[in-house]
Number of protein chains: 2
Amino acid sequence: MHEELRLDNQLCFRLYTVSRLITQAYTPFLCQLGITYPQYLVLMVLWEQDSQPVNDIAHRLVLETNTVTPLLQRMEKQGLVKRSKGKEDGRQTLVSLTKKGKELEEQAFNCIPSGMGQRMDPCQLSLEDYAQLRSKIDTIINKLK
Amino acid sequence: MHEELRLDNQLCFRLYTVSRLITQAYTPFLCQLGITYPQYLVLMVLWEQDSQPVNDIAHRLVLETNTVTPLLQRMEKQGLVKRSKGKEDGRQTLVSLTKKGKELEEQAFNCIPSGMGQRMDPCQLSLEDYAQLRSKIDTIINKLK
DNA sequence: ATTATTTATATCGCGAACGATTTAATGCGT
DNA sequence: ACGCATTAAATCGTTCGCGATATAAATAAT
């Protein structure tokens with residue numbers, strides 16, 4: 001039995017699990033808005049800055065366009081975003097929020113931060129814990145990216 | 001602009017990203033073994049304790065059986081595991097390692113810990129950092145589970 | 001200018017995740 | 001023993017994630 005191959009010693013397994021569990025915790029709130037977690041991420045990117053090419057969105061989310069394109073197509077079908085050809089660069093597809101997509105920001109703001117706060121409350125993470133966790137993960141992300 | 005909805009303030013997004021990036025870092029090593037990351041997780045569970053019902057494996061991996069069953073079916077097709085009906089409880093499907101599945105442990109041991117160690121090296125995480133990260137994530141996992 | 005190369009998206013195929021439903025075996029109450 | 005709820009897996013449908021490839025526009029090279 002190799003200690004290095006024990007599941008309990010795997011950082012990656014922990015991160016994979018916690019990522020799924022937190023996403024699941026989001027689900028009931030996102031359901032009310034009729035969106036999925038990856039769609040929520042796209043919306044957050046667009047709420048910060050509307051009308052971006054597919055590439056910029058993908059880059060911001062550290063995803064490939066072959067993941068983001070179908071995601072955006074589904075979001076367009078739901079009426080959350082509009083996709084249009086770039087005028088200066090004809091290769092680009094510019095993605096912008098529809099009225100419905102914009103309106104979701106207020107709805108998200110009203111239920112998600114408070115709801116998720118409550119959900120994470122029993123974890124008893126101090127702001128300091130939180131900041132530490134954040135910075136260590138950022139280190140890993142930046143080195144692997 | 002709501003600060004709470006900024007992508008950069010989202011713990012979940014970080015965890016989701018880092019999880020994907022580390023999984024991607026595993027990929028070249030796992031490719032040599034002809035397996036995927038979730039398949040590697042299943043193998044680790046079985047290397048620790050061979051011949052387990054689907055439910056126990058799923059529980060250990062914090063996954064549902066509707067994720068694990070197809071995963072195991074693919075692994076059976078590849079000759080990594082064998083699936084057989086439980087004798088005492090006819091509802092169970094017992095999963096056990098084939099010769100090939102057992103042999104992969106040595107191969108994994110030979111390339112993965114060292115290879116991934118190198119890959120994670122530039123992150124400069126001390127053993128202490130690592131332990132802290134681990135315990136905080138465990139706290140979250142246990143509360144959400 | 002014409003061709004070659006790079007860049008931006010899109011398409012395709014497969015393996016996960018997961019909610020919802022189904023099937024089959026077990027256990028429980030009467 | 002009988003019916004009924006419970007439990008273990010499996011199946012189904014949809015969305016992701018991603019390697020590989022295709023398409024088309026822009027840019028560089030000759």
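Each chain gets a letter, A, B and so on, in the order its sequence line appears, and its residues count up from 1.
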Legend entry - Those residues of residues 26-40 of chain B lying under 4.0 Å from DNA chain C by at least one heavy atom: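 Within residues 26-40 of chain B, the residues near DNA chain C are B:Thr36, B:Pro38, B:Gln39.
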Inset, instruction - Figure out the CZ/P separation between B:Phe13 and D:dG17, and round it to whole Å. - result: 11 Å
Legend entry - Contacting residues from residues 63-97 of chain A, given that a heavy atom lies under 4.0 angstrom of DNA chain C: A:Thr65, A:Asn66, A:Thr69, A:Gln73, A:Arg83, A:Arg91, A:Gln92, A:Thr93
Inset, instruction - May I ask you to test the B:Leu5-A:Pro113 pair for a side-chain heavy-atom distance under 4.5 Å? - result: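 The answer is yes, as the side chains (C-beta and beyond) meet within the 4.5 Å cut-off.
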Inset, instruction - Rounded off to whole Å, could you give me the CZ-to-C1' distance for the B:Arg20 and D:dC18 pair? - result: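 The answer, rounded to whole Å, is 10 Å.
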Legend entry - Atom pair CD/CG of A:Gln52 and A:Asn55 - distance to nearest 0.5 Å: 11.0 Å
Inset, instruction - Could you name each residue pair satisfying ring pair (Phe, Tyr, Trp, His ring centres under 6.0 Å) that touches residues 126-145 of chain B, not counting sequence neighbours? - result: none
Legend entry - Listed partners of A:Asp89 passing side chain to side chain contact (heavy atoms under 4.5 Å, CB included), at least two apart: A:Arg91, A:Gln92
Legend entry - Whole-Å gap separating P (D:dA26) and CG (A:Asn55):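 The answer, rounded to whole Å, is 15 Å.
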Legend entry - From CD1 (B:Ile22) to OH (B:Tyr37), nearest 0.5 Å: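 Here the interatomic distance stands at 8.0 Å.
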Legend entry - Spatial distance of atom NZ (B:Lys99) from atom CG (B:Leu104) [nearest 0.5 Å]: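 Going from NZ on B:Lys99 over to CG on B:Leu104, the span is 11.5 Å.
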Legend entry - First and last nucleotide of DNA chain C, 5' to 3', lying under 4.0 Å from heavy atoms of chain B: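 Range of nucleotides touched by chain B: C:dG15 to C:dT26.
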Legend entry - ILVMFWY network linking A:Met44 to A:Leu33, side-chain heavy atoms under 4.5 angstrom: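 Yes, because A:Met44 and A:Leu33 connect within a single hydrophobic cluster, where side-chain heavy atoms sit under 4.5 Å apart.
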Inset, instruction - Look at the side-chain heavy atoms of Ile, Leu, Val, Met, Phe, Trp and Tyr, link any pair under 4.5 Å apart, and say whether A:Leu94 and A:Leu46 land in one connected group. - result: no
Legend entry - Salt-bridge contact B:Arg60-A:Asp8 (side-chain N to carboxylate O under 4.0 Å): yes
Legend entry - All pairs passing salt bridge (charged side-chain N to carboxylate O under 4.0 Å, His left out) where residues 62-81 of chain B contributes a residue, at least two apart: B:Glu76-B:Arg83
